[in-house]
Amino acid sequence: MEAIWIQGGNQLAGNIAIYGAKNSALKLMAAALLTDQPCRLDNVPDIRDVRLMVQILEGMGVQVRREGESLLIEAKELGTEVPPEPVREMRAGIQVMGPVVARKGRIRIFQPGGCSLGPRPIDFHLRGLEAMGARVREEHGFIVVEAERLRGTDIYLDFPSVGATENLMMAAVLAEGTTVIHNAAREPEIGDAEKFLNQCGARVSGAGTGVIRVEGVTSLQGTSYQVMPDRIEAATFLIAAAAAGADLTLRPAPVVHLEAVLAKLSQIGVDWESPDPMTLRVRSQGALAEGYRPVHVRALPYPGFPTDVQPQITALLTLARGTSIVTDEVHAARFGYAGELRRMGAQIWVEGRTAVIKGCSHLTGARVTAPDLRGGAALIVAALAAEGESLIEGVVHLDRGYARLEERLRQVGARICRLEV
Ligand code: EPU
């Protein structure tokens, strides 16, 4: 089993290049199934979730080839049976549902399991497809969705779900007539999907607002598209720098997509600047020397504070001077890492969707386990700022979303490496 070893207390200095966004790349890979022509996606991070999505596509007969930072996808062949193993491991596998039903009239896919962020049903995805005329049934743990041709309609989401918005938007592209998705998610990655789809000949508008309109077309063509930079990865490095102490520059960092995070960091007292719209620089003496202020954080759908940065900022707040409150309104149970932070000396109590954090004067290195991807990132932040050595197990979770994490942190001065334990 692999683990990440960190000797805390080293200041970080230099530049980190931000990779393409996981949560956009995965959806664009699914969107490429809407056409039988080749698509080229540039700036696709080499992470485990992308590899799982490649397995899903290949399992359906699609040709996928990696060339450096790019993925070439050609869905001339497209089966309707989704291989169950990668879907069991990665919920984002269900994003192929909309495109495959739209193009092939059928899909059979394993019901994605609940995961450690709380119950994560897919009822909005299924209800939306049903509203478009699809028949949905469950058999032996699989979901079968069938429709001769989907029909455009008005869809109302109970919650602005990112995945449901994207799945239904992609399904609607090849539907007959116009689909309007109300209470749509407004995350920037949805704008990336809209641009990609329109470049392929789709007619989608409204991404970034709560109402998305899709006029169906009969076919799409292939295209070449550059995946947007990962705002969550940028936020993770930013917070790690604020905690450990640093003079660190991140680029390309989509400043406009990080406004809620940057506002909160300013409130905490983190010194950051943005010399241009794609660059962020953070200067810090480290949490202990800076005497950061406690704050209240509410993770909400975009443009609210991102739930995917909630664990990392909580780790930083364990070192603030006073009591902070962090609430997650998106995922029901995203504090699986709190007990691990406690092993490092953090004072943190969780009740339902809320954590209360009493800032302490220092953390001490410990042997801990990443419970999930961003929970693992929180432990990295804490370990970089802690006194002494930490060993973080559960590295497989970190590998889902961060490429070459240790190497990139080592290059800016962190004492970090991967070990067999
Ligand atoms: N929900 C339902 N029914 C549904 C769909 C969602 O009840 O049919 C609920 C979920 O249980 C959750 C809330 O709605 O409580 C929001 O879920 P959403 O559908 O927006 O999340 P997602 O599409 O499954 C994506 C990201 C997550 C990120 C969330 C919220 C990808 C691949 N994943 O998930 O990213 O937390 O949006 O922003 O895009 C991560 O990167 O670490 C990660 C978990």
Side-chain angles (χ1 to χ4, degrees), residues 19-31 45 47-50 52-53 56 86-87 89-98 111-131 136 143 145 155-170 181 183-193 210 227-228 230-236 257 260-261 299-312 327-334 336-337 352-353 370-378 397-403:
Y19 292 162
K22 164 177 91 80
N23 290 349
S24 178
L26 293 170
K27 321 308 169 58
L28 300 185
M29 291 172 73
I47 50 177
R48 187 173 146 78
D49 275 8
V50 164
L52 287 169
M53 192 60 119
I56 290 175
V87 176
E89 283 190 52
M90 181 185 66
R91 178 182 158 90
I94 53 161
Q95 299 302 140
V96 301
M97 196 158 60
Q111 171 107 37
C115 92
S116 53
L117 310 184
R120 294 173 78 191
I122 55 166
D123 50 332
F124 306 160
H125 302 241
L126 298 177
R127 241 187 280 143
L129 289 170
E130 278 176 333
V136 176
I143 298 164
V145 183
I155 296 171
Y156 296 85
L157 297 179
D158 291 342
F159 185 89
S161 153
V162 176
T165 300
E166 291 164 332
N167 227 337
L168 298 171
M169 178 170 122
M170 294 191 283
I181 306 171
N183 198 24
R186 296 192 272 162
E187 269 67 5
E189 291 73 19
I190 293 166
D192 224 24
V227 177
M228 71 197 304
D230 196 318
R231 64 193 167 100
I232 307 300
E233 190 182 81
T236 302
H257 299 151
V261 174
L300 290 167
Y302 192 86
F305 189 93
T307 171
D308 294 343
V309 186
Q310 177 268 101
Q312 300 89 314
T327 303
D328 198 319
E329 308 280 6
V330 178
H331 293 298
R334 205 177 199 172
Y337 61 90
R353 290 176 175 266
D372 55 69
L373 168 57
R374 308 302 173 187
H397 293 295
L398 283 158
D399 289 341
R400 293 183 55 178
Y402 298 96

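The figures here come from the full heavy-atom set of this structure, side chains too, leaving out hydrogens, waters and symmetry mates. All ligand and atom numbering here is 1-based and tracks the order in the structure.
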**Q** Could you name the option among D372, N23, N167 that has the heavy atom nearest to atom 26 (C) of ligand 1?
**A**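 Among D372, N23, N167, the closest heavy atom to atom 26 (C) of ligand 1 belongs to N23.
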**Q** How far apart are the closest heavy atoms of A235 and V309, and which atoms are they?
**A**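 For A235 and V309, the tightest heavy-atom pair comes out as CB-CG2, 3.8 Å.
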**Q** Working to the nearest 0.5 Å, report the span between CG of D372 and NE2 of H331.
**A**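 Rounded to the nearest 0.5 Å, the CG-NE2 separation comes to 9.5 Å.
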**Q** Specify side chain, backbone, both or neither for L373, according to which of its non-hydrogen atoms lie closer than 4.0 Å to ligand 1.
**A**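 Side chain only.
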**Q** Which of the atoms in ligand 1, numbered in the order shown and given with their element, are less than 4.0 Å from a heavy-atom of I122?
**A**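 Reading through ligand 1 atom by atom, the close ones are 4 (C), 8 (O).
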**Q** Got a second to check how far M170's CE is from L28's CG, nearest 0.5 Å?
**A**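 Answer for the CE-CG pair, M170 versus L28, is 8.5 Å.
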**Q** Which heavy atom of P160 sits nearest a heavy atom of P301, and at what distance?
**A**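 Nearest pair, atom of P160 first, then P301: CG-CG, 3.8 Å.
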**Q** Atom CD in E187, atom OG in S24: separation rounded to 0.5 Å?
**A**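 If we round to the nearest 0.5 Å, E187:CD and S24:OG are 12.0 Å apart.
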**Q** Tell me, with the steps shown, if R127 and D158 meet side chain to side chain contact (heavy atoms under 4.5 Å, CB included).
**A** CA-CA 11 Å; R127 241 187 280 143; D158 291 342; 3.3 Å; yes
**Q** Can you see which heavy atom on R400 is nearest to which on I47, and at what distance?
**A**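 What the structure gives for the nearest pair is O-CD1, 3.3 Å.
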**Q** So, for I190 and R186, which heavy atoms are closest and what is the spacing to 0.1 Å?
**A**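 Heavy atoms of I190 and R186 come nearest at CD1-N, 4.3 Å.
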**Q** For ligand 1, note which part of D123 has a heavy atom under 4.0 Å away: side chain, backbone, both or neither.
**A**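 Both the backbone and the side chain of D123 come within reach of ligand 1.
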**Q** Report the residues that fulfil salt bridge (Lys or Arg N to Asp or Glu O under 4.0 Å) with R231, sequence neighbours left out, ordered by chain and then residue number.
**A**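 Partners of R231 by the salt bridge (Lys or Arg N to Asp or Glu O under 4.0 Å) criterion, ordered by chain and then number, come out as E189.
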**Q** So if I count the atoms of ligand 1 from 1 in the order they appear, which ones are less than 4.0 Å from some heavy atom of T307?
**A**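 Heavy-atom distances to T307 below 4.0 Å select 30 (C), 36 (O), 38 (O).
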**Q** As a check for students: among E166, R91, R334, identify the option with a heavy atom nearest to atom 44 (C) of ligand 1.
**A**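 Nearest heavy atom to atom 44 (C) of ligand 1 lies in R334.
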**Q** Does the distance from a Lys or Arg side-chain N to an Asp or Glu carboxylate O, for D308 and R334, drop under 4.0 Å?
**A**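 Salt bridge flag = yes for R334 with D308.
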**Q** As an exercise, identify every atom of ligand 1 less than 4.0 angstrom from a heavy atom of A92.
**A**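 Answer, ordered by atom number: 32 (C).
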**Q** Among G93, P121, A164, A21, whose heavy atom sits nearest atom 5 (C) of ligand 1?
**A**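 Considering heavy atoms of G93, P121, A164, A21, the nearest to atom 5 (C) of ligand 1 sits in P121.
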**Q** I need the contact type for D49 against ligand 1. Using non-hydrogen atoms and a strict under-4.0 Å cut-off, is it side chain, backbone, both or neither?
**A**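 Neither; no heavy atom under 4.0 Å.
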**Q** Consider ligand 1: state whether an atom of it lies below 4.0 angstrom from any non-hydrogen atom of Q310.
**A**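 Judged by the 4.0 Å heavy-atom criterion, Q310 does not count as contacting ligand 1.
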**Q** If you measure from CG on L373 to OH on Y337, what distance do you get to the nearest 0.5 Å?
**A**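 Going from the CG atom of L373 to the OH atom of Y337 covers 13.0 Å.
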**Q** OH of Y302 to OG1 of T307: how many Å apart, nearest 0.5 Å?
**A**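 Y302 OH to T307 OG1: 15.5 Å, rounded to 0.5 Å.
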**Q** Tell me the contacting part of F159 for ligand 1: side chain, backbone, both, or neither, using a 4.0 Å heavy-atom threshold, strictly below.
**A**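 It is the side chain that touches ligand 1; the backbone stays farther off.
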**Q** Taking N or O atoms only and a 3.5 Å limit, does G163 qualify as a polar contact for ligand 1?
**A**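 Looking only at distances, the answer is yes, because the N/O contact criterion of under 3.5 Å is met.
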**Q** Which ligand 1 atoms are under 4.0 Å away from a heavy-atom of V162?
**A**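 Going through ligand 1 atom by atom, the ones under 4.0 Å from V162 are 18 (P), 19 (O), 20 (O), 23 (O), 37 (O), 38 (O).
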**Q** How many angstroms lie between CZ in F124 and CD1 in I155, if you round to the nearest 0.5 Å?
**A**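 If we round to the nearest 0.5 Å, F124:CZ and I155:CD1 are 13.0 Å apart.
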**Q** Is there a nitrogen or oxygen of L26 sitting under 3.5 Å from a nitrogen or oxygen of ligand 1?
**A**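 So ligand 1 has no N or O lying under 3.5 Å from an N or O of L26.
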**Q** Please confirm whether R400 comes under 4.0 Å of ligand 1, counting heavy atoms of the residue only.
**A**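 Checking ligand 1 against R400, which is what was asked, there is no heavy-atom contact under 4.0 Å.
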**Q** Does any N/O atom on V330 come nearer than 3.5 Å to any N/O atom on ligand 1?
**A**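 Yes; the residue has a nitrogen or oxygen that sits under 3.5 Å from a nitrogen or oxygen of the ligand.
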**Q** Any heavy atom of A332 closer to ligand 1 than 4.0 angstrom?
**A**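 Distance cut 4.0 Å: A332 fails for ligand 1.
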**Q** For K27, which part has a heavy atom under 4.0 Å from ligand 1: side chain, backbone, both, or neither?
**A**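 Side chain only.
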**Q** Going by distance only, is there an N or O of D308 that falls short of 3.5 Å from an N or O of ligand 1?
**A**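 Yes: some nitrogen or oxygen of D308 is under 3.5 Å from one in ligand 1.
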**Q** Of the choices R374, H331, H125, which has the non-hydrogen atom that lies closest to atom 17 (O) of ligand 1?
**A**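 Residue with the shortest heavy-atom distance to the ligand atom: H331.
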**Q** Check each heavy atom of K22 against ligand 1 and say whether those closer than 4.0 Å belong to the side chain, the backbone, both or neither.
**A**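 K22 to ligand 1: side-chain contact only, backbone stays beyond 4.0 Å.
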